[in-house]
Number of protein chains: 4
Amino acid sequence: MTNKSPVLKKLRNVRRKDQRPGEILRAALEVFSINGYAGTRLDDVAKRAGISKGTIYLYFNSKEVLFNEMVRHWILPQLEKIEQIGKQPAGSAEVILRKQLKVIYEDMVSTKASCIPKLIISEGTRFPELAEFYYQEVIIRAHKTMHETVRRGVAAGEFRQDALNWQLHAILSPALTAAIWKSVFDRFSPLDLKAYFQTHVDLLLHGLKGKS
Amino acid sequence: MTNKSPVLKKLRNVRRKDQRPGEILRAALEVFSINGYAGTRLDDVAKRAGISKGTIYLYFNSKEVLFNEMVRHWILPQLEKIEQIGKQPAGSAEVILRKQLKVIYEDMVSTKASCIPKLIISEGTRFPELAEFYYQEVIIRAHKTMHETVRRGVAAGEFRQDALNWQLHAILSPALTAAIWKSVFDRFSPLDLKAYFQTHVDLLLHGLKGKS
Amino acid sequence: MTNKSPVLKKLRNVRRKDQRPGEILRAALEVFSINGYAGTRLDDVAKRAGISKGTIYLYFNSKEVLFNEMVRHWILPQLEKIEQIGKQPAGSAEVILRKQLKVIYEDMVSTKASCIPKLIISEGTRFPELAEFYYQEVIIRAHKTMHETVRRGVAAGEFRQDALNWQLHAILSPALTAAIWKSVFDRFSPLDLKAYFQTHVDLLLHGLKGKS
Amino acid sequence: MTNKSPVLKKLRNVRRKDQRPGEILRAALEVFSINGYAGTRLDDVAKRAGISKGTIYLYFNSKEVLFNEMVRHWILPQLEKIEQIGKQPAGSAEVILRKQLKVIYEDMVSTKASCIPKLIISEGTRFPELAEFYYQEVIIRAHKTMHETVRRGVAAGEFRQDALNWQLHAILSPALTAAIWKSVFDRFSPLDLKAYFQTHVDLLLHGLKGKS
DNA sequence: AATGAATGAGTTTTCATTCAT
DNA sequence: GATGAATGAAAACTCATTCAT
């Protein structure tokens with residue numbers, strides 16, 4: 001009966017109270033990413049969170065608000081990863097680039113939030129601010145950081161001169177494709193993420209280092 | 001009053017009759033790709049096709065049937081392109097690869113059907129047969145064809161030995177990314193498709209040809 | 001089988017199509033006036049109109065729109081009566097006043113729309129534009145017209161001088177009270193409208209004609 | 001720290017305890033009279049009373065019970081006024097009538113409870129017992145009392161003989177109208193209650209005293 | 001073949017009521 | 001006694017589908 005102790009009860013409750021929105025946001029991620037915005041019933045989100053439909057409305061004013069806050073909530077970890085990418089220690093451009101790509105794969109592809117890119121793609125037309133937010137805060141920032149690394153490599157004579165002109169979409173896109181593959185096609189042909197990552201890095205570095 | 005002639009009417013009608021499903025499929029592509037399956041109202045499809053909602057049901061038994069047939073209809077051209085890729089004439093592996101990639105870009109990215117990948121990604125979870133169909137008939141076949149080209153290049157000493165181990169997702173993914181970019185982010189930052197394609201080919205060929 | 005004649009069918013249909021909104025507005029008047037705005041379920045309006053819930057939305061965009069248009073629709077006849085009041089022929093002020101009051105009673109109290117005043121009173125706080133519309137277009141205009149008659153009577157020496165200072169609410173209020181009584185208390189004590197009207201006219205005219 | 005003394009606390013609490021229902025009934029009057037029964041959320045009543053929603057249920061078993069008790073609570077003062085009307089001292093019928101009307105105006109129109117008539121009108125259909133209670137205990141009793149005064153005036157030769165036949169609605173209705181006006185239209189055109197009362201009395205007495 | 005009015009099942013949203021603390 | 005988080009029944013509103021014309 002230890003869990004009947006008033007102190008413990010209070011503790012448990014406080015924790016629950018604070019967790020509620022988080023639980024909902026987690027359930028929302030799972031359900032929205034399977035069914036999309038319009039295809040998701042709040043009943044299902046509630047059921048997955050183990051609460052009743054009405055409870056959602058205690059924390060989020062509408063389905064649309066829930067969706068928006070959910071996406072932003074799960075983008076945050078990606079933003080933090082981007083920060084890390086920028087703070088790479090000194091070293092050869094190649095080493096830095098490898099580390100940066102590794103960080104991107106780890107979060108964009110291997111975590112719970114790996115379905116975020118799919119959601120942005122699916123709902124970007126209906127929620128343009130969300131698409132723009134993702135574009136500005138995740139894609140562009142990641143691009144900039146990695147471009148800086150390429151610039152350093154070129155300056156050091158490590159990379160080909162014309163690598164500077166490369167479209168950065170082309171440099172990052174394998175990571176995006178991996179995230180999508182995990183969400184959509186993995187059931188038909190599971191992705192060997194390690195090998196895939198290796199291919200990506202090889203391809204990129206050979207491309208960067210080869211003579212123009 | 002020429003357009004009141006019974007013969008002309010009939011002619012016009014026959015033509016119309018044949019065009020009807022096509023008009024609907026085109027309207028459906030446009031509307032579904034913007035709103036997704038659940039977010040699309042048949043009213044909007046009808047409006048865009050310039051017909052009434054009931055007419056859709058003369059040609060398609062349900063929203064779901066329409067969606068499925070629509071996707072398959074617009075995947076067809078991609079299938080045909082894939083066929084062409086396989087029938088590449090002899091030549092250096094590099095030349096063939098360039099041509100193959102060009103064909104893929106032309107159809108997957110530059111045509112009306114360029115939103116199909118986005119749709120497959122968005123609705124693949126809800127329509128798994130569709131996702132599988134796309135996986136088998138488009139992705140796998142394109143992979144196989146290109147892998148054969150790589151094999152030829154390796155045999156001829158044109159490409160690095162270990163290129164055979166490369167995950168083909170990584171080889172094709174830039175094209176997928178381009179299609180998605182066009183659908184989702186182009187409004188924020190328009191993609192320079194020519195330059196993007198160039199980067200992709202450079203990256204790939206330098207990677208393939210570089211020494212292991 | 002005469003009603004299967006194509007012409008008749010068409011006629012019937014056209015009539016129905018044009019009547020639909022009117023039928024809904026009638027049902028809405030009946031149900032809203034019993035339950036008030038918030039207490040009314042559109043299901044009940046639909047049931048009373050003999051249609052389904054969805055049909056209401058073919059003609060009115062929301063419950064609120066239906067309510068507003070309903071009130072305005074049923075106020076129209078009152079506006080027309082007001083017009084008539086203003087166009088009274090010459091005659092002694094007393095005769096004109098009697099006719100004017102009769103017209104008011106006939107429409108405000110004896111018709112289907114007699115519950116409009118009750119609705120305005122009940123919902124005026126929540127729909128201030130509606131209350132103001134009724135105030136401006138019904139109350140004020142009726143006031144002005146009758147005040148003009150009083151003025152004429154005073155000028156002709158028929159009415160007391162100080163009658164001009166009378167608050168017109170006090171002159172019209174018995175009609176309002178009668179409408180309310182009909183809607184609320186008639187079940188407990190049915191109003192003898194003829195006698196009530198007689199009292200009102202007597203009271204008013206004795207008051208107007210008595211010496212100051 | 002005096003307010004931490006247990007005795008004071010208890011005192012304060014006792015007082016609070018006794019005031020609680022009254023505070024709720026006051027808040028309920030304000031909110032119900034603005035939004036009507038169905039349009040009122042208990043949350044709003046609680047907020048206005050400065051308590052939590054659950055607390056209401058400590059004193060009232062349901063929204064319906066609260067509404068009923070609230071109306072009866074605020075009708076009480078009107079009942080007491082009616083008692084006073086009946087206990088008028090001797091004097092001319094005119095003087096008594098003036099005093100009686102003054103009392104009615106003072107309570108029905110000038111107090112916090114002046115929105116009660118509007119509430120009865122709005123919700124009378126849904127709460128027929130309430131409407132009947134108001135009819136029997138307020139309207140009928142006021143009518144009877146004033147009719148007795150008229151009878152006295154007629155007997156004394158002070159009023160016209162046929163005044164006895166007058167519908168009493170017509171005699172009291174200006175007061176009702178004033179209460180309604182205050183609740184609904186005052187924002188568009190504020191009622192000058194003194195002048196309005198004067199008109200009412202003038203009109204009535206001239207009518208009563210004029211020769212038939 | 002084509003229409004579009006009508007339907008009603010399904011979804012979002014609200015809110016009276018309960019209850020653990 | 002007081003709270004306010006949680007519930008779920010009920011109501012507004014939507015839209016795929018039908019069908020009379």
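Heavy-atom basis, side chains included; hydrogens, waters and symmetry copies ignored. Below, chains carry the letters A, B, ... as their sequence lines are ordered, and counting in each starts from 1.
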Across all chains, not counting sequence neighbours, the side chain to side chain donor-acceptor pair (under 3.5 Å) partners of C:K47 are none
Please determine whether a side-chain nitrogen of the Lys or Arg among B:R26 and B:E23 lies less than 4.0 Å from a carboxylate oxygen of the Asp or Glu. no
Against the side chain of B:R20, the closest entry in E:dA2, E:dT13, F:dT17 is E:dA2
The side-chain contact (heavy atoms from CB on, under 4.5 Å) partners of D:T125 (sequence neighbours excluded) come to C:I34, C:K118, C:R187
Side-chain atoms of A:Y59 come closest, of F:dA5, E:dT13, F:dA2, to F:dA5
Numerically ordered, the residues 46-57 of chain A set in heavy-atom contact under 4.0 Å with DNA chain F is A:I51, A:S52, A:K53, A:G54, A:T55
Stem ranges of DNA chain E by first residue number, counting only runs of at least 3 Watson-Crick or G-U pairs under 3.5 Å, come to E:2-21 with F:2-21
Output for pair (B:R72 CZ, B:L25 CG), nearest 0.5 Å, gives 13.0 Å
Residue set satisfying side-chain contact (heavy atoms from CB on, under 4.5 Å) with C:A27, at least two apart, ordered chain then number -> C:V45, C:R48, C:A49
The reported gap from OG1 in A:T55 to CG in A:L42 (rounded to nearest 0.5 angstrom) is 12.0 Å
C:F60 CZ to F:dA12 C1', in whole Å, measures 16 Å
Here the pair of heavy atoms bringing D:A38 nearest to D:R126 is CB-NH1, 3.8 Å
When rounded to whole Å, the CG to P distance for the pair C:L66 and F:dC13 reads 10 Å
Sorted by chain and number, sequence neighbours left out, ring-ring contact (aromatic ring centres under 6.0 Å, His included) with D:F67 holds for D:F32, D:Y37, D:F127
*When all nucleic acid strands are considered with a 4.0 Å heavy-atom cut-off, which category describes A:L58: base, sugar-phosphate, or nothing?*
base
